[in-house]
Amino acid sequence: MYCGDQPCVPYGFIGNPPTKVAVESLGEVRERFLRFFERHGHTRIKRYPVVARWRDDVYLVGASIYDFQPWVTSGAVPPPANPLAISQPSIRLTDVDKVGRSGRHLTGFEMMAHHAFNYPDKFIYWIDETTEYAYEFFTKELGIPPHEITFKESMWEGGGNAGECFEVLVRGLEVATLVFMHYEVKDGKYVELPLKIVDTGYGLERIYWLLKGTPTIYDAVFGPFLAKAREKTGVPEPPKDVMGKASIYFGQMDPEVIALEKAYDLIAEKIGVDPKWFRDVVRPQEALYVLADHSRTVSWMIADGVIPSNSGAGYLARLLIRRTLRNMAIAGIDVPLVELFDMHLKELRADYPEVWDARSLILELVELEEKKYREVLKSAPSAVKKAVEEARRRGKPSLDADDLVALYDSAGLPPEIVAEAAKSLGVEVKVPDDFYSRLAARHVKREKQPERALVEMAKVIDLPRTRELFYEDPYMRSFKAKVLRVLDGRYVVLDQTAFYPEGGGQPADVGVLKYAGGEAKVVDVQRVGHVIVHVVEGQPPPEGAEVVGEVDWERRYGLMKMHTGTHVLIQSIRRVLGPHIWQAGAQKDIPSSRIDVTHYKLPTPEEVAEIERLANGVVQADLPVYAKVMPRNEAEAKYGFILYQGGVVPAREIRVVQIGPDESPYDVQACGGTHLRRTGEIGLIKIQKVERIADGVVRFIFTTGMHALAYVQELERQAAEAAAIAGGSRESLVESVKKLAQRAEEAEKRAKRYAELYAAALAESLKGEPAGRYKLAVVELDDEELAKRLAQTATSRDKDLILVVVGGGRVSIYTGGVDVAPIVKALREVGFRGGGSKTFAQGQYRGDVETLKEAIKKALT
RNA sequence: CGGCCGGUAGUCUAGCGGAAGGAUGCCCGCUUGGCGUGCGGGUGAUCCCGGGUUCAAAUCCCGGCCGGUCCA
C-alpha cells in the first residue's frame with residue numbers, strides 16, 4: 001500500500017528542496033499564506049491565546065479549530081468572520097518524547113488554517129474549492145511542482161465530530177490536512193450535522209522545513225537561535241549528513257523511539273558509524289533541539305498567562321522546563337537556562353512581540369523553575385541511597401523497574417539520574433525500555449462523575465424560559481409570580497423570579513414563597529436548562545397559584561458586595577502584582593469570600609497592603625457599575641480574553657460587567673452575577689489572609705461591608721483581651737508580649753536548673769538496699785521528667801543500681817546496665833502490666849511497694 | 001481534582017512501639033601574632049496538629065494542616 005508518509009517513504013527533500021521559490025523566514029511563509037487566502041475572499045483573524053480559557057475540557061489550544069469550539073462549531077455563536085484565515089500557535093504534548101529526536105516533532109507549532117462554516121441557509125464553500133485552494137497555494141504561491149503533491153483521502157474523527165479528509169503530502173512529509181467536518185458521532189454512528197465546517201491545518205514549520213531542506217525541522221525553524229546556542233554551550237555543529245540520515249531513520253522507527261538505546265545502535269549501524277561516537281554526537285544535538293522547541297512553547301504559555309505549577313496547565317509548562325533541563329544535563333550542557341531563554345526571546349521578538357513584552361516575567365519564572373529543579377535533583381543521592389538500602393533489605397541486589405517508577409512518581413527523579421546516583425554507590429541500575437508505559441499504568445484513569453442534575457431536564461423542557469428579574473433589577477427583593485410546575489413536592493418553577501440561582505461562584509439566594517394558604521422556605525435555587533428551579537422546604541404552593549417571593553435581602557445584598565468587591569479586588573491585585581494575574585477560581589460567601597489567582601510567590605505584607613489601598617480607593621471613588629449584554633465576538637474584540645476571568649461563559653451573548661465609566665473603565669469582566677450600582681456601596685474591602693494553595697496559585701480570603709467591620713472589630717477585641725492578659729495596655733501590646741515571652745523562657749531555664757540540682761541531690765541521698773549482687777532503690781516521684789534526670793545521674797554513677805520510680809499508679813525501672821527482662825517477668829506475676837527492653841521498663845502497677853520490692857529481690861537472687 | 005512520598009534543634013538527617021541520636025550552625029574556653037584550622041565544653045526539639053489503639057506512640061491506625069512529586 002502506498003501511503004506517502006513516514007514511515008513508508010523516506011523524506012526526499014533533505015538537502016534538496018522541491019521548489020525554487022526562496023523564502024527568508026518563517027514569518028514570510030505565514031504572511032504568504034494569509035495574503036493568499038485574503039486574496040481569495042478570506043478575512044484574516046488575530047491569533048487566539050494558547051491557553052483555552054473559553055473551554056473547560058482542555059488546557060491548551062491544540063489546533064486552530066479549538067478557537068471555535070464549542071460555541072461556533074455547535075452553531076450557537078456565529079464565527080468572527082466567514083470564511084476566515086488564521087495562523088494559530090498550537091501546543092501538543094502527545095509526542096513530547098519524540099521531540100528533538102524524530103527530526104520533525106514539535107510541542108509548539110503554528111497551525112495555519114482557512115475555515116468556512118456552511119449553514120443550511122448560507123453556503124460558503126466545500127470540498128472542491130478547499131482542495132483547489134490547497135493545490136494553488138502549494139504550486140503557485142510556493143512553487144512546488146504539481147507532480148510532487150499527493151492528496152491522500154482518509155477519515156477524520158475527533159472531539160465527537162467526524163468527516164472525510166485529505167492529507168497533503170510532499171516528498172514524504174505531511175504538510176497539510178483538509179478536514180470536512182459534517183458528522184456527529186453518536187453511539188458509534190455518524191449523524192449528519194446541519195453545520196458543515198471546512199477545517200484545514202497547514203503546518204507552518206513543516207512547510208518552512210520543506211522549503212529549506214535542512215536535516216531537521218529544528219535547523220530550519222530555530223536556525224539562528226541554534227547557531228547562537230551552539231556558541232554559548234560549546235556544542236559543535238554536527239556533520240550534516242549524519243543528522244539528516246539520523247532523523248530520516250528516527251522518523252521511520254517512531255513506535256520504538258522510546259527504546260532509545262536500541263534505536264541509537266540500530267541507526268548507527270544503518271548509517272555505518274560507530275555507535276558510541278554516534279551517541280556522543282547526537283545526544284547534545286537532541287538537547288539543543290529540545291531546548292529550542294520547548295523554550296518557545298514555554299514562552300508562549302507564560303506570555304498567555306500560564307504560571308508553572310504542580311497542577312493544571314501550569315504543570316505542563318513545568319514539565320517542558322524540566323524536560324529541557326534533564327536533556328541538557330544528560331548531554332553535559334551546563335549553562336543557566338535563563339541565559340538560553342533570553343537568547344531565544346531575542347530571536348522570537350519579531351514574530352511574537354507579545355511574547356517579548358512578557359520577557360522579564362518569563363525569565364524570572366524560568367530562573368525560579370531551574371532553581372526548584374536543582375533542589376529536586378539535589379535530593380537524588382540520599383533518596384537513591386535510601387531506596388537501594390530498602391531494596392537490599394528485601395533481598396534485591398539493585399533497584400528494579402518498580403523502584404524506578406516509584407522514585408520518579410514520588411520524588412520526581414528521572415531514571416537516568418537515579419542510575420547515575422546509584423552508580424556512585426556502586427550499584428548498577430538498568431533502565432527498562434518500557435519505563436514510561438509502566439509509569440502510565442500507575443496512573444489509571446478514573447471515570448469522571450457526571451454532575452447530577454437537580455431535576456431531570458425532560459421534566460421541564462416544555463416550560464417557557466424563566467424571566468430573570470434579578471438581572472432586570474438586581475435590587476428587587478420581592479416579586480409576584482405564577483407557579484408553573486411543582487416536582488416531587490419540593491421543586492418549584494415560576495414564570496419569573498428574583499431569586500438568583502447558583503452560578504459564577506455566587507451562591508443561590510434563599511428566602512420565602514408566600515401564597516394564599518401558606519408559605520414555603522426557599523433553601524436553594526438552581527438552573528436546569530432554560531428554567532430556574534426553587535428548592536423549597538415546607539408545604540409548596542399549588543401549580544397555577546400566585547405567589548409572592550421574598551429574597552433574604554441582608555444575605556443577598558451582602559453577596560452583591562462580595563461579588564462587586566471581587567471584581568474590584570482582582571483588578572487591584574493585577575495592577576499591583578502584574579499582568580500575569582488571572583483568576584484561577586473564586587467563591588463568594590458570607591461572611592468571607594475567596595479568590596484564587598495565578599502568581600508564583602506569596603505576596604508580601606506590603607503588597608497586600610498596597611492591594612487593599614488600591615481596592616478601597618476604588619470603593620471610595622464610588623465608581624458606577626454597568627452590566628451590558630453583548631454579542632460574544634464583539635465583546636472579545638473589544639476587551640480581549642481578559643474578559644474570561646470567571647471561567648467559561650456558555651452563551652452566544654455574554655453579559656459584561658464594567659466598573660467605572662466608559663472612557664476609563666477600572667475593570668471589565670464577563671459575569672453572570674448580581675452587582676451593585678456603585679462601588680461605594682461595598683463600604684470596605686479587607687483582605688483577611690493570603691495563602692499558597694498550590695505552586696503558582698495564591699488564594700486571597702477577604703470580606704466586605706459590615707462583615708469587614710465585624711472582622712476588624714473582632715481583631716480589636718482580641719488585641720484588647722491579649723493586652724489585658726499580658727498586663728499592659730493595647731498600645732503596648734507588642735512590648736508586653738515580648739516581655740512575657742522572655743520571662744517564660746527565663747522561668748523555664750530556671751526550672752530546669754532546679755530540676756537538675758534536685759535530681760543530683762536525690763541521687764546523692766539514694767539509699768540502695770542489697771538485692772542479690774545488685775543494689776535496689778525505690779523512690780516515689782510523680783514527675784517523669786525529673787525521674788529521667790534522676791535515673792541518668794544515679795545509674796551512670798552506679799552501674800549496679802536498679803532504680804524504681806513509683807508514682808501515679810505507674811512504675812518505671814531504670815538500670816545502669818542490668819538486663820531488665822527477668823525483673824519484668826517477675827513483676828508481671830504480682831500485677832505489673834507493662835514491659836520494656838534492655839535497661840528500661842515501664843508499666844502500670846497498683847499494688848503496694850513492699851510486694852514490688854520483694855518480687856524484684858527474688859528475681860535477682 | 002486525585003494518586004504517591006514526606007513533616008524530628010536555625011538548617012540537614014538517623015531512629016519507625018520501650019530513657020529522642022548524629023552532622024552543621026551558634027556560644028565559651030584552649031590552639032594561632034591575627035584569620036582559617038584543630039581540640040575540649042556548652043547551647044539548642046510541644047518529634048506538624050487533633051483523635052484512636054496500647055501498660056507504653058516520634059514510631060501503628062483514622063482525620064486535618066503544610067510541603068514535595070507525578071498524572072489529568
Side-chain angles (χ1 to χ4, degrees), chain A residues 56-60 93-94 96 308-316 318-319 322-323 372-383 385-387 389-390 393 402-415 417-418 435-449 451 584-585 596 602 689 691-695 697 699 744-745 748-749 752-753 756 759 784-796 803-805 808-817 819-821 823-824 827-828 831-846:
Chain A
D56 55 10
D57 54 339
V58 290
Y59 290 123
L60 301 169
L93 299 183
T94 43
V96 70
S309 162
N310 58 351
S311 67
Y315 178 71
L316 304 177
R318 171 169 292 174
L319 177 82
R322 291 193 171 184
R323 271 185 54 85
K372 284 195 178 186
Y373 196 51
R374 282 194 201 289
E375 288 295 315
V376 170
L377 295 186
K378 246 174 42 193
S379 75
S382 69
K385 192 168 167 235
K386 215 168 152 182
E389 279 165 8
E390 174 65 25
R393 203 168 311 156
D402 285 339
D403 296 325
L404 288 177
V405 170
L407 276 170
Y408 182 70
D409 209 25
S410 60
L413 299 173
I417 304 281
V418 172
F435 179 78
Y436 286 95
S437 53
R438 273 168 182 273
L439 190 71
R442 223 174 136 104
H443 296 280
V444 183
K445 269 187 197 147
R446 75 205 139 86
E447 262 182 58
K448 224 179 191 175
Q449 293 259 341
E451 259 182 63
D596 302 338
L602 198 65
K689 194 180 176 187
E691 55 185 343
R692 248 171 45 101
I693 59 164
D695 255 1
V697 184
R699 172 167 295 174
E745 197 184 326
E748 257 170 48
K749 273 189 182 159
K752 205 176 140 189
R753 224 160 44 229
E756 269 162 20
E784 211 174 305
E785 269 305 305
L786 196 54
K788 269 182 203 169
R789 253 174 234 290
L790 170 62
Q792 249 152 26
T793 28
T795 57
S796 62
L803 177 68
V804 177
V805 178
R810 304 186 51 77
V811 171
S812 302
I813 299 146
Y814 305 86
T815 78
D819 185 13
V820 92
I823 302 174
V824 168
L827 286 182
R828 288 227 178 91
F832 173 82
R833 289 191 24 174
S837 77
K838 289 168 195 164
T839 66
F840 173 74
Q842 193 177 54
Q844 238 173 24
Y845 176 75
R846 303 226 172 254

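Reminder, nothing fancy here: chain letters follow the sequence lines and each chain counts from 1. Values below: every heavy atom of this structure, side chains too, minus hydrogens, waters and symmetry copies. Nothing here was measured: the structure is a model prediction, and the numbers come from that model.
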Next item on the list: Round to the nearest Å and state the distance from A/Glu691 atom CD to B/C65 atom C1'.
Entry: 10 Å
Next item on the list: Could you walk me through whether A/Thr839 and A/Val820 pass side-chain contact (heavy atoms from CB on, under 4.5 Å), step by step?
Entry: CA-CA 5 Å; A/Thr839 66; A/Val820 92; 5.9 Å; no
Margin query: For A/Lys372, is there an ion pair with A/Glu375 - N to carboxylate O distance below 4.0 angstrom?
Written below: no
Notebook entry, point to check: Can you tell if the side chain of A/Tyr814 reaches within under 4.5 Å of the side chain of A/Lys788, non-hydrogen atoms only?
Noted result: yes
Next item on the list: With heavy atoms under 4.0 Å as the rule, sort A/Arg789 into base, sugar-phosphate or nothing.
Entry: nothing
Note to self: Looking at every heavy atom in both A/Arg828 and A/Gly834, which two are closest together, and how far apart are they?
What the structure shows: NH2-O, 2.7 Å
Checklist line | Residues in side chain to side chain donor-acceptor pair (under 3.5 Å) contact with A/Arg846, at least two apart in sequence or another chain | finding: none
Next item on the list: Write down the distance separating the P atoms in B/G44 and B/C5, rounded off to the nearest Å.
Entry: 36 Å
Check: Which nucleotide in the list B/A19, B/C66, B/U69 gets nearest to the side chain of A/Val376?
Finding: B/U69
Next item on the list: For nucleotides B/G41 and B/U24, find the distance between their P atoms and express it as a whole number of Å.
Entry: 14 Å
Next item on the list: May I have the distance from A/Glu784 (atom CD) to B/A19 (atom P), rounded to whole angstrom?
Entry: 11 Å
Check: Could you give the OH-to-C1' distance, from A/Tyr59 to B/C1, as a whole number of Å?
Finding: 8 Å
Check: Between B/A19 atom C1' and A/Leu786 atom CG, what is the distance in whole Å?
Finding: 14 Å
Notebook entry, point to check: Among the nucleotides B/G3, B/C1, B/G68, which one has an atom lying closest to any side-chain atom of A/Arg692?
Noted result: B/G68
Next item on the list: Assign A/Leu407 to base, sugar-phosphate, or nothing according to its heavy-atom contacts below 4.0 angstrom with the strands shown.
Entry: nothing
Notebook entry, point to check: If we take the C1' atom in both B/A57 and B/G18, what is their distance in whole Å?
Noted result: 10 Å
Notebook entry, point to check: Where the side chain of A/Ser410 is concerned, which of B/C5, B/C70, B/A19 is the nearest nucleotide?
Noted result: B/C5
Check: Where is the tightest heavy-atom contact between A/Ala759 and A/Arg789, given as atom of each residue plus distance?
Finding: CB-CB, 3.8 Å
Check: Using a cut-off of less than 4.0 Å, is there contact between a side-chain N or O of A/Arg318 and OP1 or OP2 of B/C70?
Finding: no
Check: At under 4.0 Å between heavy atoms, what does A/Ala411 touch on the DNA or RNA strands: base, sugar-phosphate, or nothing?
Finding: sugar-phosphate
Notebook entry, point to check: Using purine N1 to pyrimidine N3 plus N6-O4 or O6-N4 for Watson-Crick, or N1-O2 and O6-N3 for G-U wobble, each under 3.5 Å, what pairs with B/C4?
Noted result: B/G68
Next item on the list: For nucleotides B/G7 and B/U43, find the distance between their P atoms and express it as a whole number of Å.
Entry: 27 Å
Item checked: Per A/Lys788 side chain, nearest of listed nucleotides B/C70, B/A19, B/G68 -> B/A19
Check: With a 4.0 Å cut-off on heavy atoms, is A/Ser812 in touch with a base, just the backbone sugar-phosphate, or nothing at all?
Finding: nothing
Next item on the list: Taking only the side-chain heavy atoms of A/Tyr814 (C-beta and beyond), determine which of B/C1, B/U69, B/A19 contains the nearest atom.
Entry: B/A19
Note to self: Between B/U46 and B/A58, how many Å separate the two C1' atoms, rounded to a whole number?
What the structure shows: 12 Å
Item checked: A/Arg699 CZ - B/C66 P separation (whole Å) -> 9 Å
Item checked: Base partner of B/A56, which must satisfy Watson-Crick or wobble distances under 3.5 Å -> none
Next item on the list: Give the rounded distance in Å between these two atoms: NZ of A/Lys689 and C1' of B/C65.
Entry: 9 Å
Polar atoms only, N or O, under 3.5 Å: list the protein pairs with nucleotides 7-18 of chain B and their distances.
{"unit_1": "B/G18", "atom_1": "N1", "unit_2": "A/Gly835", "atom_2": "N", "d": "3.4"}
{"unit_1": "B/G18", "atom_1": "N1", "unit_2": "A/Gly835", "atom_2": "O", "d": "3.4"}
{"unit_1": "B/G18", "atom_1": "N2", "unit_2": "A/Gln842", "atom_2": "O", "d": "3.3"}

Next item on the list: Starting at atom CD1 of A/Ile813, determine the distance to atom C1' of B/A56, rounded to an integer number of angstrom.
Entry: 13 Å
Notebook entry, point to check: Do A/Leu413 and A/Val376 come close enough that some side-chain heavy atom pair is under 4.5 Å?
Noted result: yes
Next item on the list: List for me each residue that meets side chain to side chain donor-acceptor pair (under 3.5 Å) alongside A/Asp403, sequence neighbours excluded, and say none if there are none.
Entry: A/Lys396
Item checked: Flag side-chain contact, heavy atom, 4.5 Å: A/Phe832 against A/Val811 -> yes
Next item on the list: Counting Watson-Crick and G-U wobble pairs only, both distances under 3.5 Å, name the nucleotide matched with B/G33, or none.
Entry: none
Next item on the list: Determine the Euclidean distance between corresponding C1' atoms of B/G63 and B/G21; express it in Å to zero decimal places.
Entry: 31 Å
Next item on the list: Would you please test A/Val697 and A/Ser311 for side-chain contact (heavy atoms from CB on, under 4.5 Å) and show each step?
Entry: CA-CA 10 Å; A/Val697 184; A/Ser311 67; 5.8 Å; no
Notebook entry, point to check: In whole Å, what separates the P atom of B/G34 from that of B/C16?
Noted result: 48 Å
Next item on the list: Could you work out the separation of B/C12 and B/G42 based on their P atoms and round it to a whole Å?
Entry: 26 Å
Check: In the strands shown, is B/C26 matched to any nucleotide by a Watson-Crick or G-U wobble pair with both distances under 3.5 Å, and which?
Finding: B/G42
Notebook entry, point to check: With a 4.0 Å cut-off on heavy atoms, is A/Thr815 in touch with a base, just the backbone sugar-phosphate, or nothing at all?
Noted result: base
Next item on the list: Identify, between A/Phe832 and A/Thr795, the residue whose nearest nucleotide on RNA chain B lies closer to the 5' end.
Entry: A/Thr795
Notebook entry, point to check: Atom CG of A/Leu319 to atom C1' of B/U69: distance rounded to whole Å?
Noted result: 12 Å
